[in-house]
Amino acid sequence: MTLRDVDVDVDAVMADLHGRVRERLRAQLVEGGEHAFDDPSLFADVEAVLHAAASTPDAARLILPELLGDPHLWRLTTSLRYASHRGPAAAGLFMFVKRRVLMPLFRWLYEYSRDNFDRQRRTNHVLFACVQALALETALLRREVRRLAARPPATGLAQDSDAPPPSTPRG
Amino acid sequence: MKLAFVVQRYGADIAGGSEGHCRELAERLAPRHDLIVLTTCAKDYVTWENELPAGRSVEHGVTVLRFPVARQRRMKLFADLSDEVFDSGAPRERQEEWFRENGPDTPALLEHLRAHGREFDLVVFWTYRYFQSYFGLPLVADRAVLVPTAEEDAAINLDVLPDFFDKPAGYLFLTPEEQELVSSRAYRPLHPAVVAGIGLERVPIGGTPRAPLDALNIPPKYLLYLGRVDRNKGCDALVENFQEYAATRPDVTLVLAGPAKMQIPAHRQIRALGYVTDAVREALLAHAQALVVPSWYESLSIVLLEAWNSAVPALVNGRCKVLAGQVTRANGGLYYMFPAEFDEAADYLLNRPNERAALGRQGLAYVEREYRWPTVLSRVEGLFEDVRRVRTRSAPRAQTVRS
């Protein structure tokens with residue numbers, strides 16, 4: 001087989017590839033009963049909002065975690081801190097046993113749980129980002145609705161929202 | 001110029017991206033500058049056990065001064081401390097303790113920098129996350145160049161880093177994405193700086209014999225992963241994605257070439273080769289349909305550049321900004337974010353020979369443009385000159401103010 005010399009634009013290929021993957025997902029959702037996604041452009045809008053939110057970097061600051069207050073009350077803590085409520089001598093013994101005897105025995109279980117907590121923490125972050133994106137969308141829509149509601153009622157075709165005001169010169 | 005290169009490990013048989021970057025630059029710059037490498041006696045980046053003799057030696061024309069590591073890494077303590085400081089909210093002292101525990105704890109190297117650091121025009125530090133950079137760089141900040149080799153992992157978000165990233169007199173980055181990442185964690189614009197990467201020598205295209213692959217019974221239609229087979233490199237997700245993919249494509253094989261640090265499932269379309277010889281490695285690269293790089297965290301993927309150097313296209317994890325950026329700039333491959341995209345992108349690369357060849361060719365052209373040694377060295381030496389110029393310009397002013 002002889003290879004033809006072609007140029008390939010990665011951005012174009014990726015756009016095409018993303019389009020095919022999105023379309024397949026949309027078809028599956030419609031098949032599953034989500035008929036609102038019969039409209040491909042509606043699906044594209046929804047996907048764009050969620051995709052942007054889901055791509056939020058782990059380190060990004062978000063509003064919801066700030067509103068939840070003290071992180072100790074809600075954040076998943078994956079690190080293990082050894083502590084004891086007993087007096088200094090007994091505490092030393094108990095800490096030694098926890099650290100040197102129990103921890104090596106159960107380290108596999110601890111690491112398994114930690115991996116799962118890490119996944120849950122990442123999922124929580126993405127969900128916070130999605131809620132924030134949706135709240136932002138809602139706020140913008142509310143603002144737009146209020147702006148439209150405040151406009152004087154239309155009296156004729158000339159004041160159709162898409163038509164220019166009568167004084168606008170036409171080129 | 002009188003230069004000191006400071007790196008956690010050094011040697012021809014030391015595997016590691018930043019160590020290799022340091023050595024390649026040192027061997028090429030040593031004939032043109034008065035250069036010394038200050039490093040440790042460690043070979044193992046996990047334990048930092050002293051394995052090489054302390055003191056001065058000359059290796060491939062480079063003078064090397066090794067210092068003993070005071071204590072090996074305490075793995076469990078380090079793992080717990082990592083969990084604690086990456087949880088965020090840990091006080092600065094605990095974060096600084098993390099750099100100490102990460103090692104290699106080499107007080108004699110710091111002492112040497114304190115006593116002799118000002119005898120050099122520039123002191124170049126590799127990798128922000130290790131002891132010798134974090135505690136050594138501030139001792140010679142006015143003449144320090146940092147090669148951060150930063151990735152988008154948890155360590156980059158430590159609160160102590162913006163202060164640290166503000167200190168050096170110059171910065172050498174591996175990719176524009178790394179520059180952007182480190183800049184986003186600093187309080188001031190990071191100048192002077194250059195994105196230099198690493199250089200590659202030309203390799204013959206099209207003439208590599210397939211015999212070593214035939215001996216291993218490697219079929220022609222394969223995707224190649226090259227490097228440590230490790231969860232930290234995204235290999236668990238790759239193996240999982242590929243098993244799904246292979247269920248409906250019985251003619252495709254995934255070849256994993258590198259030491260395995262995780263369980264690899266027995267699957268008739270997955271070949272795990274372990275360590276491979278140079279001849280096998282070259283043949284695998286030359287004949288692969290595409291190289292797969294599934295890693296989430298990279299500051300520069302040298303193996304990706306090696307694939308392009310052999311005109312082989314790449315399929316990379318798009319969640320790693322560096323990899324997606326490299327592939328897009330080079331027009332040298334595709335990227336995926338989730339399994340459905342992996343399937344589509346792999347199909348495209350495996351089933352379209354013209355486009356596959358074009359992506360490989362475009363990758364090679366990118367390497368020619370950006371990653372040949374003369375280009376890389378001129379960028380690096382240009383940065384060194386800039387940093388020295390800025391320092392010598394500001395030094396007399398500082399003296400005037402003092403007097």
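The basis for the numbers below is simple: all heavy atoms, side chains too, and nothing from hydrogens, waters or symmetry mates. Model, not experiment: these values are computed from the prediction.
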**OP:** Measure the CZ-CG distance between R20(A) and D347(B) for me, rounded to the nearest 0.5 Å.
**Re:**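 Atom-to-atom, R20(A):CZ and D347(B):CG are 8.5 Å apart.
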
Subject >> Working for side chain to side chain contact (heavy atoms under 4.5 Å, CB included), residues E344(B) and H18(A) >> reply: CA-CA 9 Å; E344(B) 284 281 341; H18(A) 288 146; over 6 Å; no

Original post:
Which one, R319(B), M337(B), K76(B), R356(B), leads in non-hydrogen pairs under 4.5 Å with chain A?
Top reply: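 So the answer, after comparing R319(B), M337(B), K76(B), R356(B), is K76(B).
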
Subject >> Per-residue contact mode, A345(B) against chain A (heavy atom under 4.5 angstrom) >> reply: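 Contact with chain A: backbone and side chain both.
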
Subject >> Per-residue contact mode, R329(B) against chain A (heavy atom under 4.5 angstrom) >> reply: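 R329(B) has no heavy atom closer than 4.5 Å to chain A.
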
For [X], is the [atom1] atom crowded, meaning more than 12 foreign heavy atoms sit under 6.0 Å from it?
{"X": "E31(A)", "atom1": "CD", "result": "no"}
{"X": "R122(A)", "atom1": "CZ", "result": "yes"}
{"X": "R142(A)", "atom1": "CZ", "result": "no"}
{"X": "E180(B)", "atom1": "CD", "result": "no"}
{"X": "E34(A)", "atom1": "CD", "result": "yes"}
{"X": "K221(B)", "atom1": "NZ", "result": "yes"}
{"X": "L64(A)", "atom1": "CG", "result": "yes"}

Subject >> Side-chain donor or acceptor of Q362(B) paired with backbone N/O of V8(A) under 3.5 Å >> reply: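 Yes, the answer is positive, given that a donor and an acceptor are paired below the 3.5 Å cut-off.
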
Subject >> D9(A) backbone acceptor or donor facing N331(B) side chain under 3.5 Å >> reply: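 Here the side-chain-to-backbone pair does not exist.
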
**OP:** Starting from the C-alpha separation in whole Å, work towards a yes-or-no answer on side chain to side chain contact (heavy atoms under 4.5 Å, CB included) for L17(A) and Y336(B).
**Re:** CA-CA 10 Å; L17(A) 192 149; Y336(B) 61 93; over 6 Å; no

Original post:
For the residue pair M14(A) and Y335(B), what are the closest heavy atoms and their distance?
Top reply: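 Heavy atoms only, the tightest pair is CE-O, 2.9 Å.
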
